[in-house]
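First the structure, in the form of structure tokens, and then the observations on it.
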Amino acid sequence: MFCCCLMATTLVFMACSDDDGCTETTWYADTDNDGLGNPASSTSACEQPDGYVSNSDDEDDTVAYCETSTWYEDADGDGLGNGDVSQEACDQPDGYVANANDEFDVANTRYTVSAEVDGESYFITIDELMSGSISIVGNGSEGFAGIAASTGGYLYILNNTEGLLDKFELTENGPVKEDAISLSALTAGGFFRYIQLDGQGNILLLSNPGDSGAPYAIVDIETFAATSSGFVTFPTIDGKDNLWSNAVVQGNEIYFGTVYGDAATWTELTDSLVTIKFDYPAMTNPVALVSTASAGMVAGYRTNGSFVTENGDIYQYNMTSELWYEHDEVADKPSVFVRIKDGDYDDYVLDVSAEFDEPIAIWNAWYAGNGIAYANVVRVADTPEWGDLLQNTGTLVEINLETKSVTELNLPKATFRDIFTLGLIEGDKFYVPVSITGGEANIYEITIGGGADGFTKGASLDGSNVSINGLFSNQ
Amino acid sequence: MNAIRTTILSFGLFFALHTGFAQYTVSGTVTDELGVTLPGVNVIIKETRTGTSTDLDGKFKLKIVGGTPLLVFSGVGLESKEIRIDPSYASKPLNIQLNNSLTELNDVQVVAESKATKIEMKGFSVAAIETAQIKAQSLEINSVLGRAPGVRVRKAGGIGSDFEYTLNGLSGNAIRFFIDGIPMDYYGSSYSINNLPVALIDRIDIYKGVVPVELGSDALGGAINLVTNQNIDNYTAASYSYGSFNTHQTSLHGQWRFKSGFTTKLSAFYTYSDNNYKVWGRNVFYGEEGTGRIIEFTKDNPAERFNDDFQTVSGKMDIGFTKKKWADQFFISLLASDQKKGVQTGQTMGHVYGEMRNKEKVIMPSVTYQKKDLITKGLNVGAFAGYSHIKGVTVDTTTARYDWRGQVIGTNPSGGEIGRGGSKSIYTLKDKSFVSRINTTYQLPFDFKLGFNFLYSDTERTGNDPFAEDYEIPFLLPQNVASHVAGLSLEAVKFEEKLHANVFLKKYGFTSSINDLVYTTEYETIVTKNDVSNWGGGFAASYRFFPNFLLKSSMEQATRMPSATEALGDGITIDSNPDIQPEQSFNINLGTVLGRYEIGARHGIKIAVNGFYRKVTDQLQLNVSGGQETGEFINIREVAGTGAEFEMIYDYDNKLKFNLNGTYLDFRNNQRVDENGRDNILYGDRLRNQPYFMANAGLEYSVMDLIQKESKIFTYLQSSYVHEFFLRWPSLGNADTKDTIPTQLVFDAGVGYTFPSQKITLAVDVSNMLNEQVYDNFLLQKPGRAIFFKINYQITQ
């Protein structure tokens with residue numbers, strides 16, 4: 001090696017001495033065009049050759065040099081990074097932020113489980129989902145937390161019993177109430193059915209429309225103060241009013257899934273799917289989006305009827321059953337998934353009904369990521385009455401929105417009617433409670449896109465008449 | 001239990017050593033000038049200061065050791081009489097007539113067994129409260145009853161607010177209320193135990209667990225019977241009271257009897273209160289403008305209730321005859337009442353209403369008949385028939401929304417404060433009921449008595465609301481509920497009144513016809529009929545081993561049918577439960593009364609101890625869940641519990657009385673395995689939302705001739721304690737963060753001054769003297785310190 005280098009040096013020397021007047025210098029290759037040369041690849045020339053520079057400062061000539069920074073994961077989308085999970089990069093990676101201000105890393109607080117035991121509501125924070133049992137004997141808090149949101153180490157619970165939006169700090173000794181907002185101070189009547197994080201540092205509260213429109217409130221998470229509240233006024237379409245709504249926020253727009261009909265009787269339902277788009281957070285400029293793919297409600301009932309995927313597309317499912325409307329006007333319409341792309345419905349339709357050889361209805365659906373959604377499907381023949389949805393008549397199907405494949409999971413038959421929130425997705429795992437009426441309630445870990453048997457049974461909930469109505473990640 | 005056993009053993013030993021011999025027995029009946037039998041009259045052998053008192057029928061029996069002693073007959077409000085007797089009286093019953101008197105005989109009063117004591121002797125677990133001393137005070141019947149052992153009255157707020165009784169661990173609809181033996185359900189909420197002035201009531205009997213047949217009802221937890229003045233003397237009395245929270249109460253009652261026997265009675269009362277007491281703390285807040293962040297009111301800066309006014313006016317007129325050959329009492333009566341009140345909050349103080357109101361009007365005509373010795377001697381008959389029309393209206397039409405500042409904070413065009421964004425509502429509920437009762441007793445030979453009671457009631461209920469769609473209106477179509485309770489009892493008084501025994505059998509019947517609008521392909525009326533009957537029975541017995549030692553025991557197997565609300569819901573916050581089952585209970589009581597023991601000449605002490613067992617299957621309980629503010633009645637499969645109460649009364653010189661009582665309940669979820677075969681994690685858990693330890697202490701002091709001769713001063717100081725209890729199952733959740741109903745310790749006091757004429761009494765009462773923040777129910781604060789002044793004017797002809 002030494003000999004070789006010596007020879008090279010001799011050659012260079014010789015070349016220089018064998019000159020016709022110019023002075024040769026050493027030029028270093030710059031294949032990544034970042035102005036820095038590769039010390040291991042050089043040439044001598046009087047003039048600077050193309051692709052060469054005079055310095056030899058590039059440590060890696062395959063990647064252009066940039067000023068890197070540390071980026072911290074922001075899994076909960078609250079704008080605060082987790083100091084324990086970071087990466088170095090020149091540009092901000094998706095799901096990462098520049099700060100490490102999210103200091104929430106407390107034992108016994110990874111997950112929140114909202115449950116009903118023998119007719120009473122409790123919630124408990126735990127670290128382990130997949131083994132043992134979840135017991136509220138001597139543990140956990142009283143109250144209904146199925147309609148709640150978790151972010152930054154705090155759990156925000158819509159407490160309609162006391163007319164409050166409660167803020168709980170998640171401590172290793174359990175949730176501790178820190179503050180509250182009066183719901184009746186936000187809108188007259190002070191009742192909200194839905195809560196969500198808008199991804200822009202706010203909690204968004206919504207409810208179904210009444211005579212004065214649909215109540216909404218936007219609460220800034222950092223200051224825990226409402227910044228805007230009031231009623232969303234929906235346009236009348238063909239003399240019909242919006243009967244029910246829930247929404248998703250995408251950028252500076254909010255999309256309300258609806259069902260239009262005659263408000264007094266809940267009849268004369270519109271023969272199409274209707275979404276009303278507003279500017280967000282101003283709640284102005286309503287634009288009606290109409291899809292004729294099916295009919296019924298795209299608001300969702302227990303859970304939101306719309307969700308946004310990673311690329312910004314909005315998918316919706318529709319509810320058609322007479323059980324919900326007490327009318328069979330649209331019961332024969334198919335249960336579908338439709339898509340809103342670039343601000344309007346496109347021609348995407350996934351006909352879930354067509355995958356079954358008997359009438360079905362979708363009651364709940366959740367997006368798990370990677371183009372996969374899970375829908376709670378019931379066979380209409382099993383559910384002649386609303387109450388039958390609390391029997392073990394529900395199944396869960398995996399829906400690949402891209403390939404339009406529908407796979408029924410081989411989970412135990414259970415009720416999925418009263419699941420209000422499912423917000424627990426970690427990596428390629430999605431967690432759902434399977435609450436068997438008259439039997440046990442367990443958390444199941446589902447491998448996203450894992451097919452009919454892609455699940456593992458996890459922890460069970462102690463007690464009689466148990467059911468789990470909400471699962472939250474507090475990370 | 002060990003203490004009780006020891007007590008029983010030691011008294012048993014004492015009994016064995018006791019010997020006695022009787023020379024002869026005298027017996028007889030004591031009546032007033034009009035021939036009405038007088039219970040509770042003392043019959044004392046003057047030389048020995050021992051004796052007895054007359055029973056409920058005015059009868060007495062007394063053993064005379066020998067000689068010719070002087071018998072003294074005396075009683076409250078009666079002129080006493082002395083009669084010298086000798087052995088010849090053993091064969092001829094005495095008929096003693098006592099005249100009414102204005103002055104009381106203090107010397108023998110303490111020895112007297114009051115009518116209350118007589119009732120307590122009958123074997124039932126019963127507490128009887130005589131109201132004579134407190135009639136002139138500004139006291140609610142609820143608070144008087146709340147001081148009795150085993151009784152807890154839970155109120156939602158101030159005067160006129162909702163209330164619930166707990167008797168020895170059972171509560172709600174398991175407890176039934178009667179006035180002179182007639183169920184009070186049909187009298188409306190104005191003429192109820194919540195509102196009736198204490199002056200109208202002479203005595204209150206509280207039956208715990210085991211209910212005698214004459215109170216015919218499907219009460220399975222107990223019964224409270226208000227007994228009005230049954231004398232036929234002429235009198236007129238009026239009172240007026242004014243006090244805190246702009247509370248005015250007036251009452252007027254009287255009775256006028258003419259020589260012909262024509263008798264009229266009137267009782268009328270009016271109550272008004274702003275109920276604007278101060279509240280603060282959790283749930284009492286308003287939202288900061290703009291941000292909505294809550295700002296809680298504090299004790300130093302409290303909120304004032306502003307839509308809690310209460311007004312009730314009620315009148316009852318009886319016209320008829322008394323003391324005629326064909327009837328001891330025959331009355332045609334008319335009750336009319338009107339009640340209006342604001343509704344301040346929802347189920348907790350978290351929801352504030354500013355304009356919502358309830359109104360109720362009641363008209364109830366009725367007929368009463370009573371006759372002793374009808375047709376044949378020993379056959380006593382009482383009959384009652386009444387028709388009641390109750391119209392209740394809930395007005396919830398405002399579009400305004402309020403907070404605890406009493407301000408309008410916004411409007412909601414949908415209207416309705418409780419409507420939760422639904423709609424305005426004027427909901428009218430009409431109840432038309434027919435109730436009849438027949439009660440007979442027949443005196444059999446050998447001191448046996450047969451009793452029969454039959455109660456029939458039929459209620460039709462309709463509802464209407466001009467703002468609601470037909471299918472949203474509860475009880476739009478008439479719904480009928482009819483029930484009957486028949487009871488047969490055999491009573492025996494044996495061994496010179498030492499033994500009282502009563503066995504009884506009851507049959508319950510319940511039919512309902514419920515019309516519901518149900519949507520299938522179109523709205524149609526579905527009629528649901530329900531027909532249930534059930535048998536029950538039990539016994540009550542007491543034995544007086546010595547004059548100062550009584551043991552008693554009672555037992556009953558009882559059934560209670562679900563009420564309309566429990567089965568059907570109320571259409572607003574309570575959902576229907578089609579699977580609901582009747583509630584059943586098995587109740588046992590065991591008790592002893594020791595005393596009164598004399599300590600020296602002036603001191604006396606009496607102790608009563610009761611133990612009880614209750615086993616309830618399918619107990620009906622309102623279950624609220626899901627954070628949506630609605631609930632339904634469910635059957636708690638199995639609940640069992642024991643409990644004990646203790647009461648001690650000390651008296652001194654017939655002037656001072658000190659009373660101490662305590663109750664401890666150990667009622668638990670008794671279901672090991674749930675209906676699906678899974679272990680019940682709640683097995684053994686104490687019942688939720690039930691007070692389980694409470695105690696009362698009271699001091700009463702009467703002084704005669706203090707300022708003026710013949711005047712009387714009566715004072716009392718009362719304290720009551722209820723230990724903290726959990727709203728939900730105690731074992732579930734972190735105990736540090738659980739919702740509780742906190743411990744309360746409340747002091748009340750009062751003083752009354754009766755002028756020498758005995759016609760005017762002035763009274764002052766202070767309740768919650770220390771101005772404590774107290775709760776009977778979760779987050780429903782009760783009034784703080786309040787003071788009331790009262791003037792009573794009594795005309796006795």
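Labels below follow one simple rule: chain letters A, B, ... track the order of the sequence lines, proteins then strands, and each chain is numbered from 1. In what follows, every heavy atom counts, from backbone to side chain, and hydrogens, waters and symmetry copies are set aside.
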Check the surroundings of atom CD in A:E222: do more than 12 heavy atoms from other residues, nucleotides or ligands lie under 6.0 Å from it?
no

Based on non-hydrogen pairs under 4.5 Å, which of A:G138, A:A145, A:S114, A:A225 is most in contact with chain B?
A:G138

Please step through side chain to side chain contact (heavy atoms under 4.5 Å, CB included) for the pair B:W729 and A:V117, ending with a clear verdict.
CA-CA 10 Å; B:W729 292 110; A:V117 178; over 6 Å; no

Tell me which of these, A:T187, A:D179, A:N469, has more heavy-atom pairs under 4.5 Å with chain B than the rest.
A:D179

Considering all heavy atoms, the nearest B:G292-A:A185 contact
CA-CB, 4.1 Å

Which bit of A:I136 is near chain B, if near means a heavy-atom gap under 4.5 Å: side chain, backbone, both or neither?
both

Distance (rounded to the nearest 0.5 Å) between B:D679 CG and A:D462 CG:
9.5 Å

Under 4.5 Å from a heavy atom of chain A, the part of B:I295 involved
neither

Closest-packed option against chain A by number of heavy-atom pairs under 4.5 Å, given B:D674, B:L732, B:L779:
B:L732

Nearest-0.5 Å distance that lies between atom CG in A:D118 and atom CG in B:N669:
7.5 Å

B:I409 portion near chain A, given a 4.5 angstrom heavy-atom threshold
side chain

Separation between OG (A:S182) and CZ (B:R293), nearest 0.5 Å, reads 13.0 Å

How far does CD of A:E162 sit from CG of B:D739, to the nearest 0.5 angstrom?
7.0 Å

Under the rule for side chain to side chain donor-acceptor pair (under 3.5 Å), what residues qualify as partners of A:T383, not counting sequence neighbours?
none

For chain B, find which of A:L186, A:T227, A:L164 contributes the most heavy-atom pairs closer than 4.5 angstrom.
A:L164

At a heavy-atom separation under 4.5 Å, does A:N465 approach chain B through its side chain, its backbone, both, or neither?
both

Below 4.5 Å from any heavy atom of chain B, which atoms of A:T223 appear? Answer side chain, backbone, both or neither.
backbone

Find the one option among B:D736, B:N680, B:L727 whose heavy-atom pairs under 4.5 Å with chain A are most numerous.
B:N680

Among all residues two or more places apart in sequence or in another chain, which pass the side chain to side chain donor-acceptor pair (under 3.5 Å) test with B:D403?
B:R405

Part of A:N139 lying under 4.5 Å from any heavy atom of chain B
backbone

Distance-minimising heavy-atom pair for B:R401 and A:A188:
CG-CB, 3.6 Å

I'd like to know which of B:V352, B:N734, B:L682, B:I681 tops the heavy-atom pair count under 4.5 Å against chain A.
B:N734

For chain B, which candidate among A:A180, A:S184, A:G163 shows the most heavy-atom pairs at distances under 4.5 Å?
A:A180

So what's closer than 4.5 Å to chain B heavy atoms on A:L165: side chain, backbone, both or neither?
neither

One should read off an interatomic distance between A:I181 CD1 and B:E288 CD, to the nearest 0.5 angstrom, of 9.5 Å

Any chance you could measure A:S212, atom OG, to B:N412, atom CG, to the nearest 0.5 Å?
4.5 Å

